[in-house]
Undergrad: 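I have a structure I would like to understand better, so I am pasting it below and will then ask my questions one at a time.
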2 protein chains.
Amino acid sequence: MLKPDVIHLHNMNTTVIPDALKVACSNCNLRELCMPVGFNQDDMNKLDEVVATRRRVKQGSLLFSNGDPFSSLYAIRTGFFKTSVSAEDGREQVTGFQMAGEIIGLDGIVSEHHSCNAVALEDSDVCVMPFAKVEDLSREFPVLQRHVHKIMSREIVRENSVMMLLGNMRAEERLAAFLLNLVQRLHARGFSQSELVLRMTREEIGSYLGMKLETVSRTFSKFSEEGIIEVKQRYVRIITPDALKKIFNPQTCS
Amino acid sequence: MLKPDVIHLHNMNTTVIPDALKVACSNCNLRELCMPVGFNQDDMNKLDEVVATRRRVKQGSLLFSNGDPFSSLYAIRTGFFKTSVSAEDGREQVTGFQMAGEIIGLDGIVSEHHSCNAVALEDSDVCVMPFAKVEDLSREFPVLQRHVHKIMSREIVRENSVMMLLGNMRAEERLAAFLLNLVQRLHARGFSQSELVLRMTREEIGSYLGMKLETVSRTFSKFSEEGIIEVKQRYVRIITPDALKKIFNPQTCS
DNA sequence: ACAATTCTTTGACTTGCATCAAAGATTTCT
DNA sequence: AGAAATCTTTGATGCAAGTCAAAGAATTGT
C-alpha cells in the first residue's frame with residue numbers, strides 16, 4: 001500500500017534518543033511550524049535549549065496518559081498521534097489527531113497531571129520540551145512567549161469548531177469537514193492536496209466525530225458512490241473538493 | 001422570582017467605568033478566582049496594573065464578537081456570559097457559560113481577532129486586561145505567567161470534556177453533567193449546592209449540549225417526575241444529587 | 001506461509017432525538 | 001395595566017444514526 005508520507009523507525013517502544021541524533025531547532029525543517037518566525041541566529045541558538053531530548057514512540061504506544069505527572073510539552077517531529085479522554089465507564093472520546101510540527105501536552109499544565117492520552121498512530125519521533133524551560137525562555141524572549149500563547153489559543157479555537165461539528169452538524173458534514181481539515185494540514189506540510197492515507201481506523205474517526213464506525217464507513221461509501229472521493233480502505237483521494245466544501249458549508253460555494 | 005446571586009446594574013449598554021469606581025485586584029473579593037495565590041503586598045500592587053479599566057455590559061449585549069480585533073482578556077466581576085461560535089449558514093453553537101471570576105477572550109490571541117461571540121446573559125461588569133500588559137507582567141512575575149498558562153490549559157481541558165459529552169453521552173447524561181457542573185461552580189462562589197436560577201434559555205442550554213430546546217425541556221420534566229430535581233421555569237432545585245451523579249456516571253456512585 | 005487477529009463493509013431492523021404544532025407562562029414594552 | 005414578544009411545555013409523528021449481524025479484506029505474529 002502507498003504510504004508516501006511515512007517514516008518507519010523500528011525501535012523499542014519509547015526510547016530516549018542519543019545526543020548524536022539530537023537535532024537542533026535551528027536546523028529543523030519543521031521550524032516554521034513549531035517555532036516563532038523572525039528570529040536572528042543568536043536567539044535561535046539560545047532557543048535550541050528548549051528541546052531537552054527527543055523520544056521515539058512506537059506505533060500503538062502511549063506518549064503520556066491520563067494521570068501521568070506533567071513535565072513537558074511535545075513537538076511532533078515525525079509521525080502521527082491521537083489524543084483522547086475517557087469516561088469512568090470506559091467510553092473513549094478522541095479529542096484530536098496531531099501531525100508533524102504540532103504540539104501536544106497542553107492539557108497537563110493546569111493540574112500538573114495529564115488529563116488525556118496521547119497514542120502514536122504510527123512510529124513517531126517527538127521533541128521533549130520541559131515546560132519549566134519553555135516558561136523560562138518565554139520570559140526572556142517575548143516572541144517565544146507570544147508563540148506559546150498562540151499555540152494554546154489555537155487549540156481553544158480548534159476545539160470550539162469541533163464543538164460546532166459535534167453539536168450542530170450531520171454525519172456527512174462532519175466527515176466532509178474532517179477530510180478537508182486533514183488534507184489542508186497535510187498540504188501545509190508539502191503533501192498532496194487531493195490524496196491522503198488515513199492513519200486512524202474508522203472507529204477512531206467516528207469517536208472524534210461523534211458517530212459510530214458503521215456510519216463513518218457508510219458515509220465514505222456514499223461520498224464514493226457520488227463520485228466525490230475515491231476510497232480504498234485507508235487510502236482516500238478527493239476527486240471534487242468543491243463538492244466536499246459544499247457539503248460542509250452550503251453557503252460559501254456555488 | 002428568587003434571584004439570590006444577581007446584582008442588577010441599570011446602565012447604558014456597555015460603558016467604561018470611571019476611575020472612581022475602579023477597584024484594584026488587591027482588594028477584590030474575587031482575587032482568589034482570578035489571580036494567582038501566594039503574593040506579597042508589593043507584588044499585588046504592581047499586579048493591579050493588569051486591569052486597565054472596567055466595563056459594564058448590559059444584558060443581551062455583546063462584550064466582543066467574531067471578527068473584532070483582539071486586544072484584551074476580560075475577567076468577569078459580576079454577571080454571567082455565554083460564548084458562541086457561528087457557522088456561515090447561521091447555525092450557532094454555544095461554547096460555554098462563564099460566571100464571576102472566570103476569564104474570557106482567550107480565543108482572540110491566535111489570530112489577533114476574536115473568533116467567538118461573548119454575550120452578557122445578565123447585566124455584567126468585567127475587568128479589562130490589555131493582553132500586552134498581561135504579557136509584560138507575566139515576564140516579570142513567573143507566578144502570573146504560570147497562572148495565565150493554567151487558565152488557558154483549564155479551558156482546553158474543559159473543552160475536552162464537552163467533546164466527551166457531545167460525542168458520547170445521551171441527552172439525560174448531558175443535562176445531568178451540565179447541572180452538576182453549574183451548581184459546583186456556583187457553590188465555589190458561595191452559593192447554594194442545591195438551588196440555582198438558570199441565566200440561560202432552554203435553547204441556549206440545548207445549543208451548548210447539542211440538543212434541541214424541546215429535548216432539554218422534556219429531560220427537565222423527566223428528572224422532575226422522577227423526583228431528582230424540582231423545576232419551575234428558570235429555578236432549579238437539586239433534590240437528589242446522587243441520582244444526578246449516577247445518571248452522569250453510573251460507575252462511581254452506588 | 002499460514003493462522004489469528006483486527007479492520008471494513010453492507011444489510012436489516014430499532015430507537016433516541018428532531019421536527020412540527022399548539023397552548024400556556026413569563027417578560028418586556030408602551 | 002394591557003399588548004406584544006419571548007420562552008416553556010407537551011403531544012404526535014418522522015428520520016438519521018445506532019445496533020446487531022455476518023462476510024470479506026488487510027494486517028500481524030509465529
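Here is how names work: the chains are called A, B, and so on, in the same order as the sequence lines, proteins then strands, and each is numbered from 1. Computed from heavy atoms alone, side chains included, the values below leave out hydrogens, waters and symmetry copies.
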Undergrad: Measure the distance from NZ on A:K212 to C1' on C:dG16 and round it to the nearest whole Å.
TA: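 These atoms are roughly 13 Å apart.
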
Undergrad: From CG of A:L166 over to C1' of D:dA17, roughly how many Å is that when rounded to an integer?
TA: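 So the CG-C1' distance, A:L166 to D:dA17, works out to 14 Å.
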
Undergrad: Assign a letter to each nucleotide of nucleotides 2-9 of chain C from its 5' end: B, base within under 4.0 Å of a protein heavy atom; S, sugar-phosphate only; -, no contact.
TA: -----SSB

Undergrad: Whole angstrom is fine here: how far is it from CG in A:L121 over to P in D:dT27?
TA: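 These atoms are roughly 15 Å apart.
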
Undergrad: For B:R218, which residues count as a salt bridge (charged side-chain N to carboxylate O under 4.0 Å, His left out) partner, sequence neighbours excluded?
TA: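 Salt bridge (charged side-chain N to carboxylate O under 4.0 Å, His left out) list for B:R218, sorted by chain: empty.
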
Undergrad: Please step through side chain to side chain donor-acceptor pair (under 3.5 Å) for the pair B:H114 and B:D107, ending with a clear verdict.
TA: CA-CA 6 Å; B:H114 286 287; B:D107 59 287; 3.3 Å; yes

Undergrad: Report the distance from atom CG of B:L198 to atom P of D:dC7, rounded to the nearest whole Å.
TA: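 Spelled out: CG on B:L198 to P on D:dC7 is 14 Å.
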
Undergrad: Of all residues at least two apart in sequence or in a different chain, which pass the side-chain hydrogen bond (donor to acceptor under 3.5 Å, both in side chains) check with B:N66?
TA: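 Residues passing side-chain hydrogen bond (donor to acceptor under 3.5 Å, both in side chains) with B:N66: none at all.
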
Undergrad: What is the separation between atom OH on B:Y235 and atom C1' on C:dA25, rounded to the nearest whole Å?
TA: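 Roughly 18 Å, once rounded to whole Å.
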
Undergrad: Under 4.0 angstrom, heavy atoms only, what part of the nucleic acid is B:G60 near: base, sugar-phosphate, or nothing?
TA: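 No contact at all - B:G60 keeps every heavy atom at 4.0 Å or more from the nucleic acid.
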
Undergrad: For B:E230, enumerate each residue passing the salt bridge (charged side-chain N to carboxylate O under 4.0 Å, His left out) test, keeping only those at least two apart in sequence or located in another chain.
TA: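 Result, salt bridge (charged side-chain N to carboxylate O under 4.0 Å, His left out) vs B:E230: B:R237.
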
Undergrad: What is the distance from CZ of A:R170 to C1' of D:dG18, rounded to the nearest Å?
TA: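 Spelled out: CZ on A:R170 to C1' on D:dG18 is 16 Å.
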
Undergrad: Between C1' on C:dT27 and CZ on B:R199, what's the gap in Å once rounded to a whole number?
TA: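 Rounded to the whole Å, the gap is 15 Å.
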
Undergrad: Could you check how far CD of B:E172 sits from P of C:dC17, rounded to whole Å?
TA: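 Checked: the CD to P distance equals 8 Å.
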
Undergrad: Under 4.0 Å, heavy atoms only, any strand: does B:G210 hit a base, just the sugar-phosphate, or nothing?
TA: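 Sugar-phosphate only.
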
Undergrad: Listed by chain and number, what are the salt bridge (charged side-chain N to carboxylate O under 4.0 Å, His left out) partners of B:E203, not counting sequence neighbours?
TA: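 If we apply the salt bridge (charged side-chain N to carboxylate O under 4.0 Å, His left out) test to B:E203, skipping adjacent residues, there are no hits.
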
Undergrad: Of all residues at least two apart in sequence or in a different chain, which pass the salt bridge (charged side-chain N to carboxylate O under 4.0 Å, His left out) check with A:E214?
TA: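 Counting only residues at least two positions away or on another chain, A:E214 forms no salt bridge (charged side-chain N to carboxylate O under 4.0 Å, His left out).
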
